[in-house]
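Some notes on the structure that comes next.
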Amino acid sequence: MAADQSQTVLEQNVERRAPSLPITSSEKANMIIHYYRGEMGRMTSWRDRIDRTSNWAITMVAALLSVSLSTSTSHHGVVLFAMLLVSLLLLIEARRYRFFDVYRARVRKLERHYFAQALYPQADLKPDWAQAIATSLRNPCFLISYREALFRRIRRNYVWMYLILLCAWLLKITTPKLLPDEPKTDKVFSVAEAINNAALGPLPGWIVVVIVAALYICIIFAALHREPDDGEFAHGEVHV
């Protein structure tokens, strides 16, 4: 009976024992290679999610513009609705980008400090580079703020969609042939008449113009603003 209990305790201790850590250089190299492949898979997965959101935004912009500009019976509010949907997708994509940035930073550290050193050693690299990866694995946290992620996505993709929508909206409210219940003429509207045409339901045109102008001031600021970066963007230009 005592022998059986001892055997059971021994088996439990064996089950609780942590897996052995790599000791030899070949074991460590094999572990790093497998870990690199795993991080690449996660990074690629989040990159695919980012691209999917951008594709949704582009498809939606194309569809709503074709609806808005193809007929004069379509209200200019369709373009404003497209701006709203693009903004929603932008917010979703900025959140996804923060996750992608975490895995991209780990992959870049391995490439720059381990694989590049293996191919062509340089003495000026920090010897404690692995500590940053270990710290990130023990306590994962975002490397950039939501605001910076938002600015990056605007600067790289969304600013062009917003500009296309702005041009379509201005064309819609200033071209008589594209406005419902208006004479089919080529008369050039004055600024006051264009603002009048920007009315949206109970909102007068000048309020709509002010809201759109405020939105695009924020977009232009985000597209032109660049914060100093000491992360992976400081070590190359091939980044998303």
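Predicted model, so just to flag it, every value in this text is computed and none were measured. Heavy atoms only: backbone and side chains are in, while hydrogens, waters and symmetry mates are out.
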(Q) Starting from I217, can I reach V86 by hopping between I/L/V/M/F/W/Y residues whose side chains sit under 4.5 Å apart? (A) no
(Q) Listing request: all side chain to side chain donor-acceptor pair (under 3.5 Å) pairs with a residue in residues 78-93, at least two apart in sequence or in separate chains. (A) S54-E93, S87-Y162, E93-R153, E93-Y158
Q: Output all residues satisfying ring pair (Phe, Tyr, Trp, His ring centres under 6.0 Å) with W129, sequence neighbours left out; order by chain, then residue number.
A: H113
Q: Please report the closest heavy-atom contact between C141 and V102, naming both atoms and the distance.
A: O-CG2, 3.6 Å
Q) Taking only residues two or more places apart in sequence or in another chain, which ones pass ring pair (Phe, Tyr, Trp, His ring centres under 6.0 Å) with F115? A) Y36
Q.
Count I, L, V, M, F, W, Y as connected when their side-chain heavy atoms are under 4.5 Å apart, and connections chain through other members. Are L170 and V191 then in the same cluster?
A. yes
**Q.** Shared-cluster residues of I220, by chain and number - hydrophobic side chains joined below 4.5 Å
**A.** L224
Q. Is V210 linked to L80 within one hydrophobic cluster, defined over Ile, Leu, Val, Met, Phe, Trp and Tyr using a side-chain heavy-atom separation of less than 4.5 Å?
A. yes
Q. Under 4.5 Å between any side-chain heavy atoms of L64 and L85, yes or no?
A. yes
(Q) I need the I195 CD1 to T174 OG1 distance, nearest 0.5 Å. (A) 12.0 Å
Q) Got a sec, which residues hit side-chain hydrogen bond (donor to acceptor under 3.5 Å, both in side chains) with S26, two or more places apart in sequence or on another chain? A) T24
Q: List for me each residue that meets salt bridge (charged side-chain N to carboxylate O under 4.0 Å, His left out) alongside E27, sequence neighbours excluded, and say none if there are none.
A: none
Q | Salt bridge flag under 4.0 Å for residues R104 and D101 | A | yes
**Q.** Residues forming a side-chain contact (heavy atoms from CB on, under 4.5 Å) with I33, sequence neighbours excluded
**A.** R37
(Q) Quick one, R98 with L143, criterion side chain to side chain contact (heavy atoms under 4.5 Å, CB included). Give me CA distance, side-chain angles, the key distance, then yes/no. (A) CA-CA 7 Å; R98 296 183 75 196; L143 303 179; over 6 Å; no
Q) Can you find a pair of side-chain heavy atoms, one from Y216 and one from M83, that are under 4.5 Å apart? A) yes
**Q.** CZ/F81: more than 12 non-hydrogen atoms of other groups inside 6.0 Å
**A.** no
Q. Are S74 and K172 side-chain neighbours, meaning at least one heavy-atom pair lies under 4.5 Å?
A. yes
Q: Measure the shortest side-chain to side-chain distance between N197 and H76 over non-hydrogen atoms and say whether it is less than 4.5 angstrom.
A: no
Quick one: side chains of residues 199-209, donor-acceptor pairs under 3.5 Å with protein atoms, not counting sequence neighbours, listed by atom name and distance.
none

Q) Looking at residues at least two apart in the chain, or sitting in another chain, which of them share a salt bridge (charged side-chain N to carboxylate O under 4.0 Å, His left out) with R147? A) E227
Q: Indicate yes or no: at least one non-hydrogen side-chain atom of L110 is less than 4.5 angstrom from one of Y35.
A: yes
Q: Check step by step if side chain to side chain contact (heavy atoms under 4.5 Å, CB included) holds for L150 and Y97.
A: CA-CA 9 Å; L150 201 67; Y97 183 84; over 6 Å; no
Q.
Within the structure provided, determine whether I154 and L90 are in side-chain contact (heavy-atom separation under 4.5 Å).
A. yes
Q: Sorted by first residue and then second, give each side chain to side chain donor-acceptor pair (under 3.5 Å) pair with at least one member in residues 130-146; sequence neighbours left out.
A: R106-S136
Q | Distance in Å, I164 CD1 paired with I58 CD1, rounded so as to fall on 0.5 Å steps | A | 8.5 Å
Q) Atom CZ of R155 and atom CD of E148: how far apart are they, to the nearest 0.5 Å? A) 6.0 Å
Q: Quick one: pull up CE in M43 and CD in E39 and give me the separation to the nearest 0.5 Å.
A: 9.5 Å
(Q) Are the side chains of F100 and R96 in contact, using a 4.5 Å heavy-atom criterion? (A) no
Q: Kindly assign one of parallel, tilted or perpendicular to the pair H225 and F221, based on the angle between their ring planes and the thresholds 30° and 60°.
A: parallel
(Q) F99: which residues meet the ring pair (Phe, Tyr, Trp, His ring centres under 6.0 Å) condition with it, sequence neighbours left out? (A) W46, F142
Q) Would you say the side chain of L165 lies within less than 4.5 Å of the side chain of L65, judging by non-hydrogen atoms? A) yes
Q: Would you give the length of the straight line joining atom CD1 of I50 to atom CG of N55, rounded to the nearest 0.5 angstrom?
A: 12.0 Å
Q.
So, using salt bridge (charged side-chain N to carboxylate O under 4.0 Å, His left out) as the criterion, who are the partners of R52 when residues are at least two apart?
A. D48
Q. Any link between W56 and V67 through a network of hydrophobic side chains (Ile, Leu, Val, Met, Phe, Trp, Tyr) touching at under 4.5 Å?
A. no
Q: Mind checking the CD-CG spacing from Q117 to L119? Nearest 0.5 Å is all I need.
A: 9.5 Å
